[in-house]
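Let me begin by presenting the structure, written as structure tokens, before commenting on it.
Note: hydrogens, waters and symmetry copies are ignored here, and every other heavy atom, side chains too, is used.
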Amino acid sequence: MSEYNTQGEPRPATYEDFPDHLAAYLHSRGVCADPTGHQQDGDTPAVFIGRMLDQPDRALCIFNVSIGNDWSDSNPTARFSLAFRGAPEDQVTPAKDAARAMNALHDLTDIQLTAQQGVLVCRRVLNDPPVPDSNTRWHSIDTYEAVLAVPSTP
């Protein structure tokens, strides 16, 4: 049985695959490696969702994804963090990778992530200072908020 809203239409999607769509979009903009490919050191950071694996050194992780329907059921707000990591002792590359992500996301409207998922508006809301891990690899972490568009059906 379907659940319906007050306009008699089926309720909108739950957006559980938003991180996958975001990773595909960031790859299309040259921010990270192909999320469907093998994750290895290369010209762009490897990309992980949920948790960052130990290798390769240069990586991006999409994590802390939450979808809130406080303002709208049809166009919920997504809050997510991006962590960029570089090789040991490299403080510059994670910051540059984070800047490329910001150029692809911050203050933009009508972003088409994939054929099925879009974002109405996106803003970086937190920019944490770079921090090292126990292997002296530096991390640059930013948090964004985005209002999601109603997904199209394939």
* For F63 against A83, the heavy-atom pair lying closest together -> CE2-CB, 3.6 Å
* Working to the nearest 0.5 Å, report the span between CZ of R124 and CG of N127. => 4.0 Å
* Structure fact -> On a heavy-atom basis, the closest approach of A46 and P56 is CB-CG, 3.6 Å
* To do: Measure the shortest side-chain to side-chain distance between V150 and N75 over non-hydrogen atoms and say whether it is less than 4.5 angstrom.
  => yes
* **R58 and D90 ion-paired at < 4.0 Å** => no
* Out of curiosity, T77 OG1 to N69 CG, how far, rounded to the nearest 0.5 Å? -> 8.5 Å
* Between V119 and L105, is any pair of side-chain heavy atoms under 4.5 Å apart? -> no
* Is F48 linked to L113 within one hydrophobic cluster, defined over Ile, Leu, Val, Met, Phe, Trp and Tyr using a side-chain heavy-atom separation of less than 4.5 Å? -> no
* With distance as the sole test, does R100 use its side chain to make a donor-acceptor pair with the main-chain N or O of R29 at under 3.5 Å? -> no
* To do: Report the C-alpha separation of H27 and V31 in whole Å, then their side-chain angles, then the decisive distance to 0.1 Å, and conclude whether the side-chain contact (heavy atoms from CB on, under 4.5 Å) test is met.
  => CA-CA 6 Å; H27 168 65; V31 174; over 6 Å; no
* Less than 4.0 Å between a side-chain N and a carboxylate O, is that true for R79 and E145? -> yes
* **Approximate separation, where rounding is to 0.5 Å, of R137 CZ and Q91 CD** => 14.5 Å
* **Over all atoms of both residues, closest heavy-atom pair of D57 and R85** => O-NE, 2.7 Å
* Work out which heavy atom in C32 is nearest to a heavy atom in A23; give both atom names and the distance. => SG-O, 3.8 Å
* Measuring from I62:CD1 to I49:CD1, what's the distance to the nearest 0.5 Å? -> 5.0 Å
* Structure fact -> Interatomic distance, CG@D128 vs CG@L126, rounded to 0.5 Å, equals 6.0 Å
* Asked: Do L120 and V65 share a hydrophobic cluster, counting only Ile, Leu, Val, Met, Phe, Trp and Tyr and linking them when any side-chain heavy atoms are less than 4.5 Å apart?
  -> no
* Closest approach of L60 and M52, non-hydrogen atoms and distance? -> C-CE, 4.2 Å
* Asked: Can you hop from I67 to V147 via hydrophobic side chains spaced under 4.5 Å?
  -> no
* Does CG belonging to D43 count more than 12 external heavy atoms closer than 6.0 Å? -> no
* Asked: Among the clusters formed by ILVMFWY side chains lying less than 4.5 Å apart, do L148 and Y25 turn up in the same one?
  -> yes
* With C122, the side-chain contact (heavy atoms from CB on, under 4.5 Å) member among I111, L108, L22 -> I111
* Asked: Given F18 and F80, is the ring-ring contact (aromatic ring centres under 6.0 Å, His included) satisfied, shown in steps?
  -> CA-CA 10 Å; F18 169 73; F80 58 94; 5.5 Å; yes
* For residues K96 and V92, determine if any side-chain heavy atom of one lies less than 4.5 Å from a side-chain heavy atom of the other. => yes
* Can any side-chain N or O of Y144 pair as donor or acceptor with the backbone N or O of L82 at less than 3.5 Å? -> no
* **For P94 against W138, the heavy-atom pair lying closest together** => CG-O, 3.4 Å
* In Å and rounded to the nearest 0.5 Å, what is the OG1 to CG distance from T44 to D97? -> 8.5 Å
* Side chain to side chain, V47 and Q39, heavy atoms closer than 4.5 Å -> yes
* Asked: Does a side-chain heavy-atom distance below 4.5 Å link T114 with D20?
  -> no
